[in-house]
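Report on the structure given below.
Below, chains carry the letters A, B, ... as their sequence lines are ordered, and counting in each starts from 1.
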Number of protein chains: 2
Amino acid sequence: MGQDHHGHDHGHDHTPASKEERMENARRVCQQHGERFTPLREHIFGLLIEADGPIKAYDLLDLLRPEHGSPKPPTVYRALEFFTRLGLVHRVEALNAYITCDHMHDGHSAEFFICETCDRVQERHAHDHSECIPKGFVIKRSVIEHYGSCVDCTAAAA
Amino acid sequence: MGQDHHGHDHGHDHTPASKEERMENARRVCQQHGERFTPLREHIFGLLIEADGPIKAYDLLDLLRPEHGSPKPPTVYRALEFFTRLGLVHRVEALNAYITCDHMHDGHSAEFFICETCDRVQERHAHDHSECIPKGFVIKRSVIEHYGSCVDCTAAAA
DNA sequence: CCTTGTTTGCTATAACATAGCGTTGTTTTG
DNA sequence: CAAAACAACGCTATGTTATAGCAAACAAGG
């Protein structure tokens with residue numbers, strides 16, 4: 001099973017887990033939460049993994065269609081809500097899109113770097129902002145998304 | 001909601017502008033950009049100021065209605081796009097809402113602290129993340145929104 | 001088996017946003 | 001000034017994103 005357990009990976013670099021590993025991880029997280037990793041959820045999570053980047057709910061719905069008959073929006077949104085609740089998927093707010101989460105966020109928020117040229121997304125643990133939050137403000141959840149150009153696309157443009 | 005006792009800024013580099021000042025500022029920024037501050041735009045900007053916090057496009061549309069006959073969505077969205085382009089309004093992504101901007105962001109992004117109890121929003125200049133961005137990534141725009149409980153609401157809950 | 005709660009499918013509708021076209025009004029220019 | 005060019009606005013229509021609510025199927029435990 002996992003020779004690469006993401007256990008408490010506080011490194012800042014992306015851990016490139018294989019698709020199988022990501023699926024296994026999802027299954028394990030579900031079990032740990034006493035939730036069911038049903039065939040439908042597995043199917044949808046697989047599509048999210050295959051997307052390998054942010055994907056929109058209705059695009060997911062289209063991908064689901066061939067094997068699934070004629071799924072309706074709630075089918076997808078329910079799964080997305082489920083995975084989001086477990087921290088397995090994040091919503092990218094400014095894209096109205098969803099993306100699998102490879103990190104263990106032990107109380108950390110995710111921070112995304114989104115290349116608008118190649119559409120690739122890098123996820124990090126959010127940097128600690130504690131110095132600059134308003135006095136007494138208690139943060140429950142943060143949305144941190146940076147849009148721009150990744151190193152490759154910047155180089156290619158030059 | 002009159003002028004609240006919070007202020008919108010904690011001794012940062014910025015002045016808590018009155019509504020008149022904010023309107024004047026908008027007018028000036030338009031002029032500086034060679035854009036027209038038309039009666040419609042003034043009306044809509046006034047509603048945004050009065051909202052004194054994030055407001056949704058269709059709520060704005062409702063507020064516009066009494067004086068304006070029967071405005072359609074594009075009327076509001078065009079104005080919002082216009083103000084956003086000039087940096088006078090920000091979109092709060094995770095709320096699908098819009099809020100006037102009191103700061104001069106000379107190349108800085110805005111950072112919002114949104115109290116989910118009282119719905120008040122504090123805006124700051126974004127903290128500098130330069131240490132923790134992926135190597136070579138060039139940020140064009142950042143979305144930084146923190147959701148939680150402001151000092152008053154935290155105190156009130158205790 | 002029976003009860004309880006969860007998951008799924010479905011219809012319907014709500015909420016958010018833009019495309020595109022014609023008209024009006026302002027600015028520019030010959 | 002007149003004509004051309006452009007910006008702003010109103011409107012119809014449609015596209016996109018997301019949820020409410022109900023009934024059937026299904027799992028889990030006594």
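In terms of phosphate contacts, Tyr98(B) brings no side-chain nitrogen or oxygen within less than 4.0 Å of OP1 or OP2 of dC16(C). The side chain of Lys56(B) places no N or O atom within less than 4.0 Å of a non-bridging phosphate oxygen (OP1 or OP2) of dA15(C). In this structure, His68(B) does not reach the dC9(D) phosphate: none of its side-chain N or O atoms is under 4.0 Å from OP1 or OP2.
For the pair Tyr58(B) OH and dC16(C) C1', the computed distance is 6 Å after rounding to whole Å. Rounded to whole Å, the distance from NZ on Lys72(B) to C1' on dA13(D) is 12 Å. What separates CG of Asp59(A) from C1' of dT16(D) is a distance of 11 Å, to the nearest Å. Here dT19(D) presents its P atom at 14 Å from CG of Leu61(A), a figure rounded to the nearest Å. Counting to the nearest Å, the C1' atom of dT18(C) and the CG atom of Asn96(B) are 15 Å from each other.
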Going through the distances and angles, do Asn25(A) and Arg22(A) end up as a side-chain contact (heavy atoms from CB on, under 4.5 Å)?
CA-CA 5 Å; Asn25(A) 178 58; Arg22(A) 297 209 258 167; 5.5 Å; no
Residue pair Leu60(B), Leu80(B): steps toward the side-chain contact (heavy atoms from CB on, under 4.5 Å) verdict
CA-CA 10 Å; Leu60(B) 210 44; Leu80(B) 290 172; 3.9 Å; yes
Yes or no on side-chain contact (heavy atoms from CB on, under 4.5 Å) for Tyr147(B) and Val143(A), after CA distance, side-chain angles and deciding distance?
CA-CA 8 Å; Tyr147(B) 294 82; Val143(A) 173; 4.1 Å; yes
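Between Arg27(B) and Glu24(B), at least one side-chain nitrogen of the basic residue sits less than 4.0 Å from a carboxylate oxygen of the acidic one, meeting the salt-bridge criterion. Contact check on Glu35(A) versus Arg85(A) returns a salt bridge, with a Lys/Arg side-chain nitrogen under 4.0 Å from an Asp/Glu carboxylate oxygen.
Contact detail for Phe83(B) and Arg41(B): the closest heavy-atom pair is CZ-O, 3.3 Å. Among all heavy-atom pairs drawn from Phe137(B) and Cys150(A), the shortest one is CD1-CA, 3.6 Å. Of all non-hydrogen atoms in Tyr98(B) and Leu48(B), the two that sit nearest each other are O-CD2, 4.2 Å.
Within the 4.0 angstrom heavy-atom criterion, no nucleotide atom of any strand lies near Pro71(B).
Of the candidates dT19(D), dT17(D), dA19(C), dT19(D) carries the atom nearest the Pro73(A) side chain, counting heavy atoms from C-beta on. The side chain of Pro74(B) has dC11(D) as its nearest neighbour among dC16(C), dT17(D), dC11(D).
The local environment of CD in Gln32(B) is crowded, with over 12 non-hydrogen atoms from other residues, nucleotides or ligands closer than 6.0 Å.
DNA chain D is contacted by Thr75(B), Arg78(B) of residues 75-90 of chain B, taking any non-hydrogen atom closer than 4.0 Å. Listed by residue number, Glu35(A), Arg36(A), Thr38(A), Leu40(A), Arg41(A) are the residues of residues 30-52 of chain A with a heavy-atom contact under 4.0 Å to DNA chain C.
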